[in-house]
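Have a look at the structure below, then the notes.
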Amino acid sequence: MSDVDTTIEQEKLHENKATGNGISASADSASMSSNIESENFKNYENEEDFESTPMTPPPAPTGTNWGVCVLCLMVAFGGYISGWDSGTIGGFESHTDFLARFGSTSGSGKRYLSKVRTGLLTSMFNVGQAIGCFFLGRLGDIYGRRIGLIVASVIFIIGSVIQIASVKAWYQYMIGRIVAGIGCGLIAILSPMLISEVSPKNMRGAMVSCYQLMVTLGIFLGYCTNYGTKRYHNSAQWRIGEGLQFAWCLCMIGAMMFVPESPRFLVEKGRIEEAKRSIGRSNGVSPDDPLTLWELDEIQVVVDKSRAEGEAGWSDLFDTQHKILQRVIMGIMIMALQQLTGANYFFYYGTTVFQAVGMQDGYEAAIVFGVVNFFSTCCSLLFVDSLGRRTCLLWGAAGMTCCMVVFASVGVTRLWPKGKNGGETSQGAGNCMICFSCFFLFCFATSWAPVAFVIISESFPLKVKAKGMALAIVSNQMWNFCIGFFTPFISGAINFAYGYVFMGCLVFAWFYVFFFVPETKGLQLEDVDLMWREGTLPWKSASWVPPSERGADYDVDAMANDDTPAWKKMFGK
């Protein structure tokens with residue numbers, strides 16, 4: 001679209017706002033706001049007109065809206081439930097009572113879990129999450145995000161009951177983990193989705209990152225629980241940790257009674273007054289504030305357009321005209337690469353490194369990594385909205401690549417001077433590896449861990465958001481399953497050389513982000529959709545401006561084309 005066309009459209013839409021119905025921006029009636037948008041919708045001559053924002057948004061309140069922060073933390077608590085499971089299962093598999101009930105007997109009479117059984121008990125949870133994402137993600141579109149999260153919590157409780165009721169059959173425990181995973185899979189879609197739709201645009205990145213922050217808090221406290229229950233000699237070793245999951249799910253259900261529903265869902269269902277209250281609450285203003293009415297108009301335009309196009313099916317994900325397929329592929333790749341960074345490899349292999357320097361207690365080693373992971377994720381809340389999504393991902397991938405090179409190289413060449421079975425380890429090499437393990441986790445927790453969820457929660461239009469996010473998270477969970485299941489076999493065969501595999505994935509991740517992932521910092525969700533539709537190049541996306549803020553010299557075509565050589569694109573600035 002040319003600059004002249006954009007200017008004409010904005011003038012025409014301003015005229016529609018001013019004369020179409022004679023209603024001011026401060027109207028306090030939901031039907032009035034809806035009528036304005038309906039009239040404007042009829043006056044749009046083409047899709048480009050429809051996508052342009054007709055008004056400059058009123059100024060947003062300054063400062064931090066702490067009330068919204070608390071509400072978003074309540075929604076993000078779903079991540080705590082998932083993290084708690086991840087943090088406890090590894091310890092369960094080391095407890096003597098768990099091994100006695102669900103393990104096999106070796107020739108010497110010792111109880112143990114085979115690599116296959118360990119992989120299944122650990123990783124089938126991810127299969128359950130993939131099932132929940134793919135088949136239940138639409139619950140949020142049908143009944144609302146809040147109701148969907150309540151349903152997910154109930155499903156997780158059912159899975160926990162099955163696990164606690166397991167006595168000797170390991171496959172019963174595995175089935176319980178699959179059921180619990182289904183609930184967590186639904187949470188993984190709806191929690192970031194709801195946060196992204198109720199948080200102000202200037203805080204959205206940090207608020208969505210709170211989901212990953214809660215995951216790391218759950219992991220850390222799960223480690224602490226395992227450390228505290230290891231002194232027991234009965235099923236309390238693992239059933240206490242399982243039982244506490246009931247409390248966390250009840251907290252989640254209770255929190256859903258206080259958080260606002262997604263205004264986009266409410267507008268879609270025609271509940272305009274509730275949508276105004278939700279928007280006002282998110283921005284810290286009254287339901288009749290000009291900012292509330294402006295944002296309501298923005299959402300109404302998009303919802304009316306989606307309604308005119310009809311209900312989305314799975315085939316709509318292959319739409320290339322509006323860049324839907326490109327976004328689906330990007331979401332799948334980003335969530336896959338989040339797993340292929342190798343972060344879970346560190347959590348799995350960390351005990352071996354700590355043992356090399358004399359720390360024999362695996363529970364203590366896990367707590368060290370849990371502390372680093374949690375506090376580093378806290379730092380990400382400061383970076384994601386100030387530096388931007390692309391910058392965090394690019395610097396994170398570069399930092400992790402450097403750490404992985406050192407970690408793998410020292411492990412291969414220095415940790416065991418006389419070979420793995422030589423009975424001698426280098427404490428200096430072990431200390432170096434621990435140091436770079438912590439650096440790696442810092443880089444991961446401040447970038448790819450939270451920002452991947454931010455990206456997928458912002459990139460899809462409302463019409464296909466649930467389906468697009470579902471496929472992205474299915475990708476994440478299936479790679480999580482593969483890494484969790486196959487890592488014991490691969491690391492047993494090639495030891496620390498496994499790190500070079502992840503190093504290659506990290507290098508690929510850097511290039512993928514640079515060429516395919518646009519910047520979405522500070523934009524309304526509707527503006528993100530428009531930026532994609534205009535074909536803005538990712539490395540120019542940080543300079544993209546919404547139509548309502550464009551000057552006469554803004555060139556849309558220049559944002560979508562670039563003849564600069566590739567090396568200058570990457571290193572020219």
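Treat the numbers as computed from the prediction; the structure is a model and nothing was measured.
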Derivation of the side chain to side chain donor-acceptor pair (under 3.5 Å) call for Asn344 and Asn480: CA-CA 8 Å; Asn344 285 338; Asn480 197 350; 3.1 Å; yes
Query raised in the report: What do the steps show when you test Ile324 against Asp316 for side-chain contact (heavy atoms from CB on, under 4.5 Å), and what is the final call?
Result: CA-CA 8 Å; Ile324 302 298; Asp316 288 282; 5.8 Å; no
Nearest-0.5 Å distance that lies between atom [atom1] in [X] and atom [atom2] in [Y]:
X	Y	atom1	atom2	answer
Ile279	Glu295	CD1	CD	5.0 Å
Gln339	Asn126	CD	CG	7.5 Å
Met559	Thr536	CE	OG1	5.0 Å
Leu213	Cys210	CG	SG	6.0 Å
Cys133	Ile189	SG	CD1	4.5 Å
Cys438	Phe369	SG	CZ	5.5 Å

Say whether Trp479 and Gln338, considering side chains only, have a donor N or O and an acceptor N or O under 3.5 Å apart.
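Judged by distance alone, the side chains do not pair up.
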Is a side-chain donor-acceptor pair under 3.5 Å present for Gln212 with Thr377?
->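 There is no such pair between these side chains.
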task = Report the residues that fulfil side chain to side chain contact (heavy atoms under 4.5 Å, CB included) with Leu462, sequence neighbours left out, ordered by chain and then residue number.
result =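 With neighbours one apart ignored, the set is Arg145, Glu197, Arg264, Glu268, Val303.
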Nearest heavy-atom pair of [X] and [Y]: which atoms, and what distance?
X	Y	value
Lys201	Leu523	CB-O, 3.8 Å
Tyr223	Ile367	CB-CG1, 3.9 Å
Gly87	Asn226	O-ND2, 3.2 Å
Asn561	Leu537	C-CD1, 3.5 Å
Pro450	Ala445	CD-O, 3.3 Å
Ala130	Met478	CB-SD, 3.7 Å

Check: [X] side chain, [Y] main-chain N or O, donor-acceptor pair, under 3.5 Å:
X	Y	answer
Ser191	Ala188	no
Asn373	Thr216	no
Ser82	Gly79	no
Arg390	Val517	yes
Ser278	Glu261	yes
Thr391	Gly388	no
Ser541	Pro538	yes
Lys521	Ala542	no
Arg204	Ser199	no
Ser196	Met193	yes

Self-check item: salt bridge (Lys or Arg N to Asp or Glu O under 4.0 Å) between Asp529 and Arg327, worked out
Solution: CA-CA 10 Å; Asp529 182 42; Arg327 283 180 260 188; 2.8 Å; yes
Is [Y] close to [X] at the side-chain level, that is, under 4.5 Å between some pair of heavy atoms?
X	Y	result
Ser153	Met252	yes
Trp544	Leu530	yes
Thr341	Cys505	no
Leu506	Leu337	no
Met531	Pro518	yes
Met333	Phe508	yes
Leu186	Leu139	yes
Val410	Leu415	no

With under 30° as parallel and over 60° as perpendicular, where do the rings of [X] and [Y] fit, or are they tilted in between?
X	Y	result
Phe514	Trp539	parallel
Phe444	Phe440	parallel
Trp84	Trp248	perpendicular
Phe134	Trp314	parallel

Partner of Val259 by side-chain contact (heavy atoms from CB on, under 4.5 Å), out of Val75, Leu149, Leu73:
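Of the listed residues Val75, Leu149, Leu73, the side-chain contact (heavy atoms from CB on, under 4.5 Å) partner of Val259 is Val75.
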* Asked: Stepwise, does the side-chain contact (heavy atoms from CB on, under 4.5 Å) test hold for Val127 with Gln477?
  -> CA-CA 7 Å; Val127 173; Gln477 295 305 325; over 6 Å; no
Going through the distances and angles, do Arg389 and Glu458 end up as a salt bridge (Lys or Arg N to Asp or Glu O under 4.0 Å)? CA-CA 11 Å; Arg389 285 57 157 156; Glu458 294 177 332; 2.5 Å; yes
- request: Could you check Lys323 against Ser459 for side chain to side chain donor-acceptor pair (under 3.5 Å), going step by step and ending with a plain yes or no?
  value: CA-CA 10 Å; Lys323 306 296 190 295; Ser459 297; over 6 Å; no
**Q.** CA sep, side-chain torsions, deciding dist, call: Ile299, Glu526, side-chain contact (heavy atoms from CB on, under 4.5 Å)
**A.** CA-CA 7 Å; Ile299 297 171; Glu526 290 72 25; 3.9 Å; yes
For the OH atom on Tyr500, are there more than 12 heavy atoms of other groups (residues, nucleotides or ligands in this structure) within a distance under 6.0 Å?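 Counting other residues, nucleotides and ligands, OH of Tyr500 exceeds 12 neighbours.
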### Query
Do Phe496 and Phe407 make the cut of ring centroids closer than 6.0 angstrom?
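Yes, the ring centres sit under 6.0 Å apart.
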| request: Verify side-chain contact (heavy atoms from CB on, under 4.5 Å) between Ile329 and Phe516, making sure each step is shown before the conclusion. | output: CA-CA 10 Å; Ile329 294 173; Phe516 296 103; over 6 Å; no
Practice problem: Enumerate the residue pairs fulfilling salt bridge (charged side-chain N to carboxylate O under 4.0 Å, His left out) with a member in residues 73-88, sequence neighbours excluded, ordered by first and then second residue. | Solution: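 For residues 73-88: Asp85-Arg177.
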